[in-house]
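Residue numbers start from 1 in every chain, and the chains themselves are labelled A, B, ... in the order their sequence lines are given, proteins ahead of strands. What you see is a predicted model, and the numbers here were worked out from it, not measured in a lab.
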Number of protein chains: 2
Amino acid sequence: MQNNNPNNTSYNNHCCHTHIQGHDNKVKSQKSCISLVPIFNHLENHQMEEIIKVIKSVSYKKGEIIYRAGDQSDSLYIVSSGKIKIYRLSESGKEQLLHILLPGDFTGELALFRESVHESFAEAMEDTSICMITRSDLQKFLEKYPSIALKILSELSGRLDAIEKQTTSFATNSVEKRIADFLVECTKNQEMEFTLPMSQKDLASYLGTTPETISRKLSSLEDEGYIKQLPRRRIRILDLDGLIQNY
Amino acid sequence: MQNNNPNNTSYNNHCCHTHIQGHDNKVKSQKSCISLVPIFNHLENHQMEEIIKVIKSVSYKKGEIIYRAGDQSDSLYIVSSGKIKIYRLSESGKEQLLHILLPGDFTGELALFRESVHESFAEAMEDTSICMITRSDLQKFLEKYPSIALKILSELSGRLDAIEKQTTSFATNSVEKRIADFLVECTKNQEMEFTLPMSQKDLASYLGTTPETISRKLSSLEDEGYIKQLPRRRIRILDLDGLIQNY
DNA sequence: CGCTGTCTTGAAGCGTTTCAACACAAGTGG
DNA sequence: CCACTTGTGTTGAAACGCTTCAAGACAGCG
C-alpha cells in the first residue's frame, strides 16, 4: 500500500525523456527487464530469478505491430528497450495516440485482468524488445507474492488518474491550452530545452487535434516569445511562467 | 484472473439505470453493502462477516460533498444506496463530470493505492449511504484473500478501458456523435424508452459540451426522427439503427 | 541524389460556444 | 394550495476556434 513516491511505479513521463537505453541494448539480459519494472523490482533476487525463468523475450523492428484491437491475448508485456505507441481507432477510423511506453512500462493489463481481447493497438516506434509473462504464470506469482498485486494496483490507479486528467483536459481546455500544458509537462523532468518525444503528427493525435493546428500554435507560441523552435524537433522554453499562466 | 464476464465487476453503466434501491433503503444493513459489491461478494459468508466488522457506514444528504480534490484520504468508499457524482475541476474552474456511481460501485482507489489526496470531487446526487473501509483494514484483507486484489485489478482495468474509450471519443468524435453514442449506450441494459440519468447540464459536463448544444442536438435528433423527447427527462428511441449508423 | 513523409502557411468553411432573453418545471414558504 | 423563487431547458444571432484542403518547403532515409 503506502508508496507515495510518484516515481516508483509511475508510467514514464512520455514527454521528452532522455534515451537512457544506450548502445548496449543487445547486452541487456532478461534479468534487466525484470529488475527494470517497478512492479517486480522490489522483490528479492531469488524471487526475481524465479520470474525470469518464465518470461519470454521478443524483439520488434520499428513499425511492427505488437498487438491489434481484437487480438486474443494472455500476456503482460514489459518494455525492455525501445519505444512503443499505444493507440485506439475510433469507429470512424481516426487514430488516437494514448501513450508512449518506455523501458520499464508495461501493457496488456486489460486483456489480462478482464477481457481476453485487446481494445487498443501497440506498435514499435523504434527497434524494441519486450518481455512477456503469461496470464497463468503471472497469476501464480500474484498469489505467491501479494506485493506484486499491490504494485500493479498502484500503477493502474496512477494511470487512471492520468487519463482522467487528460479526459478533463479534452473536455474543458482549448487546443492551445493543451499544447501549452504538454510543453510545461515536458519541462518537468528535464531542462528548459528538450526534444519533442514524437512527431507533430503523433502529437496532434495525442492531443486530439490536427498537425496543421499543432504547427500553427507552436509558431504563435514562438511569436509571443514563450518558446523557441530549434532544428530536429528541439524546443527551448523561454518563459515557463508565462506559458503556465497565460494558457 | 478468469472472470471474463463483463457484468461481474463492471462499473454500473451510468446511463439510465432502473432504480433498484426501493423504499426499503433504510432496512439495508451493512451486510448488504458488502454482498453488493463485486469486489467482495465472491467471498464466503464468514469472510464477508469479517469485513463487515470493520466497515463504517455513513449517510449523506443530497448535495453534500463526500470528498474534495486535495482532501486527505485513507478509505475506500462503497455506495450502498443512492447516487454519487464524481467530477474534476480544470485549472480554469470548469467542472467535468467523470462518472456517476450507483449502488455497488466504489471510489477512492487513487487515494488508497497511490497518492494520499483525492484528485476529484464526490457529491451525493440524492440521499446516499456509503460504506467505508480504511486503507489498513483493506490491506489486511488483500493479503489474507488475494482474490480481492484480483477483483480490484479487474475492476480498475475495466475502468481504464472505459475512460480510454471516452478519451478517444472526445479526441475524435463530434458532439453530435458523442450524444448519439450516449443515447445508444442508454439502450444497452434498458428498453427503447428511458429516463436520462442526469440533467442536461450534467450531461453537457459529462460529454464536454454546453447545455445549449445538448438541447439543440437533442432537438435535431428529434426532428430527424431518431428519437422522441417526452416529459420528465424521458426519451424514446425511434430508430436505433439509424442512430448508430448515421453518427 | 532523389524520393517520401513531415512540417508550414493560406484561405474558406463549419461546428460549437457564447450571450442574452424567455419558457417552463420543481421546490419552498406563506 | 398558490405565489414566488430558483434552476433547468429552449432558441436566436453573432463570434470564434479549429478543421479542411491545397500547395509548397524542408528534412530524413534508402
Inset, instruction - Could you pull out the closest heavy-atom pair between A/P211 and A/A204, with the gap in Å? - result: N-CB, 3.4 Å

Inset, instruction - Just say parallel, tilted or perpendicular for the rings of A/F121 and A/Y87, cut-offs at 30° and 60°. - result: parallel

Inset, instruction - Would you kindly give the CD-to-P distance between B/E176 and C/dT17, to the nearest whole Å? - result: 12 Å

Inset, instruction - Could you list by number each residue of residues 225-236 of chain A showing a heavy-atom separation from DNA chain C of less than 4.0 Å, or answer none if no residue does? - result: A/Q229, A/R233

Legend entry - Sidechain N-carboxylate O distance under 4.0 Å for B/K85, B/E95: yes

Inset, instruction - Nearest 0.5 Å please: distance from the CD atom of A/E64 over to the CD atom of A/E123. - result: 10.0 Å

Legend entry - Nearest heavy atoms of B/I86 and B/S120, plus distance in Å: CG2-OG, 3.7 Å

Legend entry - Minimum heavy-atom distance B/P103-B/L36, with the two atoms named: C-CD2, 3.2 Å

Inset, instruction - Could you tell me whether A/D105 and A/K83 make a salt bridge, using a distance below 4.0 angstrom between a side-chain N and a carboxylate O? - result: no

Inset, instruction - Please report the shortest heavy-atom distance between B/G104 and B/V37, naming the atom on each side. - result: O-CG1, 3.3 Å

Legend entry - Interface residues of residues 213-224 of chain B with DNA chain D (non-hydrogen, below 4.0 angstrom): B/S215, B/R216, B/S219

Inset, instruction - Check whether any side-chain N or O of B/Q200 sits under 4.0 Å from OP1 or OP2 of D/dG7, and answer yes or no. - result: no

Inset, instruction - Show the numbers, then the answer: is there a side chain to side chain contact (heavy atoms under 4.5 Å, CB included) between B/F170 and A/Q96? - result: CA-CA 10 Å; B/F170 276 123; A/Q96 200 230 343; over 6 Å; no

Inset, instruction - Report yes if a side-chain nitrogen or oxygen of B/T210 is closer than 4.0 Å to either non-bridging phosphate oxygen (OP1 or OP2) of C/dT17; otherwise report no. - result: yes

Inset, instruction - Grab the CG-P distance between B/D202 and D/dG9 for me, whole Å please. - result: 9 Å

Inset, instruction - Enter the inter-axis angle for the ends of the helix from C/dC1-D/dG30 to C/dG30-D/dC1 (five pairs per end, rounded to 10°). - result: 50°

